[in-house]
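These notes are about the structure you will find just below.
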Amino acid sequence: MAAPIDQIVRQKRTAEESRQEDLEVLLQALSENKEALLDAVEILAWLRDRGILRLLKGFLSSGEEILRDVVHLLNTPEGKRILSNITQSGVLLSKLDLSRLSVEWSDLDREKKGWREVIKEVRDPEAVTGFLMLLQMMKGLSRTAGSGQDEGRHKAGDPSG
Amino acid sequence: MIGRCFYMGTPLRERRRNRGGFRKREEPMKTVMDFLRDQGIEVPHLCYHPSLGPIQTCDLCLVSADGKLVRACAEPYREGMTIETGSEAVKAVRMEAMDRILSQHELYCTVCENNNGNCEIHNTVKQMKVDRQNLPFQAKSYPVDDSHPFYRYDPDQCILCGRCVEACQNLQVNETLSIDWEAKTPRVIWDGGSSIDESSCVSCGHCVTVCPCNALMEKTMIGEAGFLTGIQPDTLRSMIEITKEAEPGYRELIAVSDMEEKMRRKEIRRTKTVCTYCGVGCSFDIWTKGRDILKVEPQPEAPANGISTCVKGKFGWDFINSPKRLTRPLVRRGERFYETSWEEALSLAAEKFTEVKESGGPDALGFIASSKCTNEEAYLMQKLARSVIGTNNVDNCSRYCQTPATKGLFRTVGYGGDAGSIRDIAEADLVITVGSNTADSHPVLATRIKRAHKLHGQKLVVVDLLEHEMAERADLFLRPESSTDFVWLAAVTRYIVDQGWHDTVFIEERVNGLDDYVDSLNPFTLDYAESVTGIPREKLIRLAEMLRDADSTCILWAMGVTQHTGGSDTSTAISNLLLITGNYGRPGTGAYPLRGHNNVQGTSDFGALPNVFPGYESVEDESVRRRYEREWGGELPKKAGLDNHSMLDSILKGGIRSLYIIGEDTAFSDSNSHHVQEAFRQLDFMVVQDLFLTKTARFADVVLPASPSLEKEGTFVNTERRVQRLYQAIDPLGDSRPDWIILRDLARRLGADWPYDHPGAVMAEAAKLASMFAGVTYDRLEGYKSLQWPVAPDGTDAPFLYADGFPTSDGKARLVPMPWTAPRRTEGGYDLLLNNGRMLEHFHEGNMTYRSRGIRHKVPSAYVEVSTELAAERGIRDGARVKLVSPFGEETVYALVSSRVRKKELYLSIHTDQASVNTLTGSDVDRATHTPAYKEVHVRLETLDRDPVCPLPGHHPRYGRKNPQTGVEVERKWQREDYDFPRGKGERKNGRTH
Ligand code: SF4
Ligand code: SF4
Ligand code: SF4
Ligand code: FES
């Protein structure tokens, strides 16, 4: 004779049990993704060398606020001129490289690859152009953000210089 | 005497032949675009969509044909035509057309949620190598409509292609959308100008699916789909400005956004799945980011639905992440459930099942499989019962809805499934629906009928108590007294025979039993039918004439037929009528019981029934049993087992002492809940496996947390007998597990050696044993591929049955005489009929759909519909609280005064335990199959208070005002002062191209 019941007593895990479980999950992930993680470390080092990690850190720690400031900063006639310069130099840069990069298009999604391989395999001149521009922009933004933070919010730095 | 009238008049088949033979499936007209595609030439296009056909609003597909500029999407192709696609002149007009489009759509792809590789504007800009635009972008200056819970419209991004309108008007046929071409600045409007939320929109999502850009977008995508899309609006605005500066030519913009799109692909998974909400069996890609569902994207190649969905399939998936999901096994100790490990829960279940088996024999256990689970899971459940425990006491919840239909078909034509495909229903000359609220219960299937009816001259007859949407659309709406369908069916059949309109050639060649059957119709005159059903004889004659005049007829039916004491007999009568009129074995003909839950068909097909193995082979047939014994090892029980209904009786009589129920809330969904719950209390041991702690699970000793469709692999069979694969989109939540894994692990603990490591292995075993699935393999079901049973070993399937005969010993169908079972009248002042059934927005006991905030916004609670007559008589207003009392129980619920019900009939949906129909239903069942007679409930109504709280909010679609149009009505665009046909050489001043 079983009457209907709906109270559930949850199984509580001790802090130690939870920590142990978390560790197991992490170890599992580490061993399953060894290659990817090594790639990631390489990419991180690369990003750090180029100052991009610093920029991202800045963004992430100040979140939307910084982004808004930076974007508003760039959305001024001077900012736009700077961006236009970046674009021009990016386009120029990429055009210089084009003759050496015009190999076939390869499908990025076909297999799992690290970022470096991905970048290496992007043979579409347009995508390369775009990517180089993106790098330029990020670099520029980094400096703008740096100067914005250091020297007060509304003063534009010169990301191209 | 009707026998003497047999050969009067010209036999039906003769008349059909005289009219030029049976209709062949018509091939659609070939357009210039089709021709070019065949040659591998893709002309740019934005308004054309393969599932919608030509719309002619974008002018991008212009080509020169025999020296004239024409729209390739609409221009019929003629042999010998000279077509130019690449000349400078043609390119120039296309660029002009694209310029106009881009003046209405701001390209900011990198920060746009729609930049996922399938944005058609993006792709067309790229295809045409557009680098700059000459006409500046001009905002339309209408605000974004963000009112609806599931999607939003941004007029500034809308290119007025009209795809959404075409989809809403002519595919979904909800007739909500149009383009206000006469407005100073045209835009898409809902119901002629209301907000989306307050319109008649039923949230099917067709419009969002076909929109070629981000003008219509699922809200779940917003801020989630890209790396730069979760940005506040004012920052976003600035970023768009910057993007335009930084990426001044479109080549750069497209290139940067393509990179970003490729990054998204790593983060967003697209997995093909099959909808878990109804027997139509829509399949689609589901986009997930972690456990978040970003959107459902139907694909044109989906075999049952193409690009169609309804609100549940498109938007109703929130339950997946509900905090109420069970994530760990539970065991009962005293007054509480305790979370425990799988090890403990499964061991306990195995130990107790063994104990009951040893003390009471294998038949002291009962097994109820779920018609929401996969075929493989149904197969394993019946194998567990039969081979591991040794009982045939196994059933599934199709017993509650569809078994009578299957019975009727077995009696007459031999296969317990739909005679053809949804395509046949769409192609029929005449569709008759009986006891089916198709637009609510099988929404996507209903769209095919609505479309054929609106566009292709299909005739529609609806027979139902409820005046629902299909009834409003019907050419003939018949409203019989409840439980009298058998009588009008028999009378119409008799009248047809009397008039000599029956198909004598077909019957002669392919049907047995005519004489006895015709004799059995003797009592069913039109006058008698009118007196019993209340349908005027003229209307019955009209129906007979429509059957006579139609080249092909499909009859569709659902629970309005089956859930009666004579449900199987009425189903038989439907099939008889189809046989008499020769409506089997040809395209566009046949019987279509509309299966309710997603896998009602498959769970029975794969043997979760007490009397048959997979493929409907009798457990009492020795040679069949031997085959299974050889494969499974050991002896199998020889006698058929108990069905759900008899299991409950057996519990109360001390027979069955232990139950294992998967994914079925029997305490809620079986009739006469008090009786069911009483039985559950008597059990020694009960295991329930489900997503939530359902009413049934509350009685259990062990509750096992299962995974829903998105968290596992397997197959479902839809109402067309179509086997389709689902793939795992996300991991099981917490410690929950797919049902097939739980079943396997439990069987192993019970000593069975079950090796399955993937559902594909289970299917392979079923295919080896049941000839119906002989050729079914996971490879043949890959992606959107599907197979309709019976499937021959070489993989040949059967979209259409009976073309070459019926699966009987002599290949002929049988006309089967049946008596009419009059419904039992409830004595004692229960003066109102409580009709009940589904509604569009909710599903089953509401466990899944009530977890969706958007669906709750539209339908927050239960209500009973009361006719205007009854409301006037009793002073009931919308929102009054009323008590419904039957001999079996009572429920309190809010009233909604409604024109859908008449006089002394009420309508209550079955989807919520706030007001459970089954507290009120009794224990009467269909006499042949024990399906509860849910539809034969009488109640009395007491008004509790008159302080109204309206249970259905004003933004429910039923309060909207539809705006039917022929389609996008592009001629109105062409007539605008500011429209000019793009000027190439030989230009024209308006939209006409000739
Ligand atoms: S009913 Fe609503 S969601 Fe469906 S196509 Fe029409 S407007 Fe779109
Ligand atoms: S909202 Fe409609 S008309 Fe506008 S772009 Fe989308 S599908 Fe075309
Ligand atoms: S019609 Fe049925 S299968 Fe299709 S989306 Fe709706 S509930 Fe799902
Ligand atoms: S595709 Fe032909 S006009 Fe749009």
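Side chains included, hydrogens not; waters and symmetry mates left out as well; all remaining heavy atoms used.
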| request: Measure the spacing between CG of D6(A) and CZ of R698(B) and express it to the nearest 0.5 Å. | output: 5.0 Å
| said: With rounding to the nearest 0.5 angstrom, report the CD1 to OH distance, I8(A) to Y338(B). | reply: 12.0 Å
| request: Would you name the heavy atoms of F699(B) and P4(A) that are closest together and state the gap between them? | output: CE2-CD, 3.5 Å
| query | What heavy-atom pair brings Q11(A) and S341(B) nearest, and what distance separates the two atoms? | reply | NE2-N, 4.5 Å
| said: I'd like to know whether CD of E32(A) has more than 12 heavy-atom contacts from other residues, nucleotides or ligands below 6.0 angstrom. | reply: yes
| Atom NZ of K352(B) with >12 non-hydrogen neighbours under 6.0 angstrom | no
| With only heavy atoms counted, which part of R336(B) is less than 4.5 Å from chain A, the side chain, the backbone, both or neither? | both
